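Please read these numbers as outputs of a predicted model, since none were measured by experiment. Along the sequence shown, residues are numbered consecutively beginning with 1.
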Amino acid sequence: MSRSRWYAIRTAPGYQRMAAVDERLPESRRMESIIERNCRKDGFDIFMPSFYKELKHHRTNEIIQKRFPFLVGYAFVNLPRLNFEELRRVDGVVCFLRGANYGPLEFPGATIEALYFAEHERRQAFLYEQHCRKENERHEQIQHLRGQLRKILPKGRKARVSVVDQAERAIDSLSPQIKERVQKIISQLNSLTADAEVENLRQAV
């Protein structure tokens with residue numbers, strides 16, 4: 001079995017951008033860069049240490065996930081067969097990073113492992129931040145929807161009676177249009193929370 005032999009390549013400008021989405025590829029390759037896709041298509045094992053960020057689209061305000069390289073302009077390729085000339089022909093590969101002997105510089109496996117570990121740590125931190133953001137948004141949506149119910153339902157409910165309980169008691173006395181709106185809010189709440197009160201109200205309506 002051939003041992004891993006990692007070399008750094010210089011990538012052409014723009015080739016570390018995310019490649020176009022290809023639904024035929026497995027999930028693990030959906031956010032690969034152009035240089036990664038080109039190398040893998042030609043049978044080369046490539047590693048581009050990277051990190052993820054969430055950005056807001058400037059027109060739609062939609063949150064989009066982007067991937068960026070740790071080392072701008074560089075990636076690592078495993079060449080156990082030392083087939084340098086074949087790799088040079090891959091679109092987006094400019095050259096190899098050279099050592100003191102003017103040949104391609106081979107990187108120790110420990111260096112690549114350390115980069116893999118650093119990438120993994122950064123990825124876990126990103127996923128945690130993403131989870132926190134989604135949870136905050138979910139709680140804000142729940143509060144907003146409950147606020148809408150309070151505006152629709154009759155005033156003067158007792159302090160200890162929840163807005164969902166009040167909606168359950170008042171739903172049959174509402175006009176068809178208002179009842180439909182309340183049902184829609186309850187449905188949205190039900191999709192955001194597993195609150196037993198919401199489930200009871202959904203069944204009652």
Side-chain angles (χ1 to χ4, degrees), residues 1-140:
M1 184 174 179
S2 300
R3 74 178 181 89
S4 296
R5 303 190 71 167
W6 291 94
Y7 297 86
I9 57 170
R10 178 78 179 175
T11 63
Y15 277 73
Q16 287 180 305
R17 295 197 319 268
M18 288 170 57
V21 175
D22 187 344
E23 299 295 339
R24 296 169 298 179
L25 295 174
E27 185 67 29
S28 60
R29 292 185 56 186
R30 293 291 170 83
M31 296 189 72
E32 67 186 354
S33 64
I34 298 171
I35 189 64
E36 288 172 309
R37 182 166 297 178
N38 291 350
C39 284
R40 288 165 182 158
K41 178 172 63 69
D42 288 347
F44 292 101
D45 182 14
I46 183 172
F47 171 47
M48 188 182 79
S50 56
F51 63 95
Y52 294 79
K53 289 186 70 175
E54 286 189 332
L55 303 173
K56 186 174 289 188
H57 194 281
H58 66 283
R59 287 198 305 270
T60 65
N61 284 332
E62 179 186 3
I63 298 294
I64 53 178
Q65 190 176 132
K66 290 284 188 178
R67 182 172 172 241
F68 300 94
F70 277 159
L71 306 170
V72 176
Y74 293 94
F76 298 91
V77 180
N78 182 23
L79 294 176
R81 295 191 292 115
L82 304 181
N83 45 339
F84 301 108
E85 291 306 318
E86 291 179 36
L87 181 62
R88 283 190 180 98
R89 292 195 287 269
V90 173
D91 186 27
V93 175
V94 175
C95 63
F96 288 91
L97 187 65
R98 296 183 176 275
N101 62 353
Y102 299 102
L105 178 62
E106 182 176 350
F107 284 78
T111 300
I112 303 302
E113 288 176 6
L115 287 169
Y116 267 112
F117 183 72
E119 181 185 66
H120 175 73
E121 280 197 321
R122 186 71 178 265
R123 177 67 171 163
Q124 294 306 305
F126 167 78
L127 292 174
Y128 176 73
E129 291 169 3
Q130 185 184 59
H131 171 75
C132 290
R133 176 188 61 78
K134 289 181 177 180
E135 278 299 292
N136 288 337
E137 288 181 352
R138 186 176 71 88
H139 286 298
E140 288 175 3

Only one of F107, F76, F84 clears ring pair (Phe, Tyr, Trp, His ring centres under 6.0 Å) with F96; which?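 The residue from F107, F76, F84 that satisfies ring pair (Phe, Tyr, Trp, His ring centres under 6.0 Å) with F96 turns out to be F84.
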Roughly how far apart are [X] [atom1] and [Y] [atom2], rounded to 0.5 Å?
X: M48; Y: Y74; atom1: CE; atom2: OH; value: 15.0 Å
X: Q130; Y: E54; atom1: CD; atom2: CD; value: 4.5 Å
X: E140; Y: N136; atom1: CD; atom2: CG; value: 6.5 Å
X: I46; Y: E32; atom1: CD1; atom2: CD; value: 9.5 Å
X: K53; Y: I63; atom1: NZ; atom2: CD1; value: 12.0 Å
X: C95; Y: L87; atom1: SG; atom2: CG; value: 11.0 Å

Are P104 and R98 close enough that some pair of their side-chain heavy atoms sits under 4.5 Å apart? yes
Please step through side chain to side chain contact (heavy atoms under 4.5 Å, CB included) for the pair S33 and R17, ending with a clear verdict. CA-CA 5 Å; S33 64; R17 295 197 319 268; over 6 Å; no
Are the charged groups of E85 and R89 less than 4.0 angstrom apart, N to O? no
Are E137 and K134 within salt-bridge range, i.e. N to O under 4.0 Å?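 Salt bridge: no.
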Measure across [X] and [Y] and return the closest heavy-atom pair with its distance rounded to 0.1 Å.
X: V72; Y: R10; answer: O-NH1, 4.3 Å
X: E106; Y: S4; answer: OE2-O, 4.4 Å
X: A20; Y: R37; answer: O-NH1, 2.7 Å
X: G14; Y: I34; answer: O-CD1, 3.7 Å
X: V93; Y: C39; answer: CG2-SG, 4.4 Å
X: A12; Y: V94; answer: N-CG2, 3.4 Å

Taking [Y]'s backbone N and O only, do any of them form a donor-acceptor pair with [X]'s side chain (distance below 3.5 Å, no angle check)?
X: Q16; Y: F68; result: no
X: R5; Y: N78; result: no
X: E135; Y: C132; result: no

Using a cut-off of 6.0 Å, state whether more than 12 heavy atoms not belonging to R30 lie near its atom CZ. yes
Over 12 non-hydrogen atoms of neighbours within 6.0 angstrom of NE2 in H120: no
Going through the distances and angles, do L115 and W6 end up as a side chain to side chain contact (heavy atoms under 4.5 Å, CB included)? CA-CA 12 Å; L115 287 169; W6 291 94; over 6 Å; no
Are R67 and F51 in a cation-pi contact, defined as NZ or CZ under 6.0 Å from the six-membered ring centre and within 45° of the axis?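 No, R67 and F51 do not form such a contact.
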Within 45° cone of Y52 ring axis and under 6.0 Å: R122 NZ or CZ: no
Any chance you could lay out the side chain to side chain contact (heavy atoms under 4.5 Å, CB included) test for Y7 and V77, step after step, and finish with the verdict? CA-CA 5 Å; Y7 297 86; V77 180; 5.7 Å; no
Do E36 and R40 pass the salt bridge (Lys or Arg N to Asp or Glu O under 4.0 Å) test, and can you show the C-alpha distance, the side-chain angles, and the key distance before you say yes or no? CA-CA 6 Å; E36 288 172 309; R40 288 165 182 158; 3.7 Å; yes
Could you check whether the rings of F47 and Y116 sit parallel, tilted or perpendicular, using 30° and 60° as the cut-offs? parallel
Could you please spell out the steps behind the side-chain hydrogen bond (donor to acceptor under 3.5 Å, both in side chains) verdict for Y15 and D91? CA-CA 9 Å; Y15 277 73; D91 186 27; 3.0 Å; yes
